[in-house]
Each structure stands twice: as structure tokens, then as C-alpha cells.
Amino acid sequence: MNQPGPDTCTLIDLPTGQRARLVRITGGHRLHDRLASMGFAPEVPIEVVSRQGSGPLLVLVNRTRVALGQGMADQILVRPV
């Protein structure tokens, strides 16, 4: 499990409708590259639009909707705003 700081959490822990800024991605280079190609970068605004139980999360990143699996979302640290 990732170690969020006192003012951060993982994207998977962010409630629906809550806005946040990306702090860092804890995965490897392949995950960094994949997420960067979808618009994820430090300080980018992110919002969880919906979640389907244990299924994927639908997030808004730079006005683009992206579906992320829970494994990916658990490796994205954010700071709620």
C-alpha cells in the first residue's frame, strides 16, 4: 500500500465529486508514461466523476474523462482542494 502524507490521499480514496491536484505517481516508468499520455501531470486538477463499486473510476483530468482501474488509481497520490 502507498504511504500518503498528512495532506494527501490516493485517487481511489478520493470521494466522488471531490477535486484534487496530482502530487505524484508511485508506479514505475510504464505507468508514468501511460498516465502522462492521458494528461496526468504534477498539479493537474483531477475530479472523481463516478465509481462503480470495485470497478473502474471515471475521473476528469484537464476537462477530459478517463476511466481508470482501481490498481492504477491506487498509485496516484493527490492533494484535495
Side-chain angles (χ1 to χ4, degrees):
M1 177 154 202
N2 299 319
Q3 299 294 323
D7 61 340
T8 63
C9 64
T10 62
L11 185 57
I12 203 158
D13 296 324
L14 200 65
T16 301
Q18 173 72 49
R19 292 183 179 162
R21 297 255 179 207
L22 189 137
V23 174
R24 72 184 170 106
I25 299 166
T26 62
H29 293 289
R30 291 178 74 183
L31 180 61
H32 280 260
D33 292 346
R34 180 167 175 119
L35 291 172
S37 73
M38 291 188 268
F40 288 84
E43 294 301 316
V44 165
I46 300 172
E47 179 182 346
V48 175
V49 176
S50 71
R51 59 180 73 234
Q52 301 292 322
S54 63
L57 279 70
L58 184 62
V59 298
L60 190 63
V61 180
N62 283 332
R63 295 174 282 164
T64 301
R65 289 181 183 215
V66 177
L68 293 175
Q70 296 216 3
M72 270 187 172
D74 194 40
Q75 295 186 51
I76 300 171
L77 294 178
V78 296
R79 182 178 51 254
V81 293

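Worth knowing before you read on, the calculation uses all heavy atoms, side chains too, and leaves out hydrogens, waters and symmetry mates. Keep in mind the model is a prediction, meaning the values are calculated, not measured.
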Hydrophobic cluster identity match, Val61 and Val78, side-chain contacts under 4.5 Å: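 Linked within one cluster.
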Path from Val49 to Val59 over hydrophobic side-chain contacts below 4.5 Å: no
Rounded to the nearest 0.5 Å, what separates atom [atom1] in [X] from atom [atom2] in [Y]?
X: Leu11; Y: Leu57; atom1: CG; atom2: CG; result: 6.0 Å
X: Leu35; Y: Leu68; atom1: CG; atom2: CG; result: 6.5 Å
X: Gln75; Y: Arg24; atom1: CD; atom2: CZ; result: 11.0 Å
X: Leu77; Y: Asp13; atom1: CG; atom2: CG; result: 9.5 Å
X: Met38; Y: Thr64; atom1: CE; atom2: OG1; result: 11.5 Å
X: Asn62; Y: Leu22; atom1: CG; atom2: CG; result: 10.5 Å

With Arg65 via salt bridge (Lys or Arg N to Asp or Glu O under 4.0 Å) - residues at least two apart: none
I'd like to check the salt bridge (Lys or Arg N to Asp or Glu O under 4.0 Å) partners of Arg19; sequence neighbours left out, ordered by chain and number. Glu47
So for atom CD, which belongs to Gln52, do other residues, nucleotides or ligands contribute more than 12 heavy atoms lying within a distance under 6.0 Å? no
Which is it for Leu60 and Ile46 under the side chain to side chain contact (heavy atoms under 4.5 Å, CB included) test, yes or no, and what are the steps along the way? CA-CA 6 Å; Leu60 190 63; Ile46 300 172; over 6 Å; no
CA sep, side-chain torsions, deciding dist, call: Met72, Arg34, side chain to side chain contact (heavy atoms under 4.5 Å, CB included): CA-CA 10 Å; Met72 270 187 172; Arg34 180 167 175 119; 3.2 Å; yes
Determine, stepwise, if the pair Arg51 / Thr16 fulfils side chain to side chain contact (heavy atoms under 4.5 Å, CB included). CA-CA 7 Å; Arg51 59 180 73 234; Thr16 301; 3.5 Å; yes
If we only count heavy atoms from C-beta on, is the Val48 to Pro15 side-chain gap below 4.5 Å? no
A side-chain contact here means heavy atoms from C-beta on lying under 4.5 Å apart; do Leu58 and Val66 qualify? no
Looking only at atom types and distance, does a side-chain atom of Gln70 sit under 3.5 Å from a main-chain N or O of Pro56, one as donor and one as acceptor?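 Answer holds: no.
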For the student: nearest non-hydrogen atoms of Pro80 and Gln18, plus distance: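 Looking at all heavy atoms of both residues, the shortest contact is CB-NE2, 3.7 Å.
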Nearest heavy-atom pair of Glu43 and Arg21: which atoms, and what distance? O-NH1, 2.8 Å
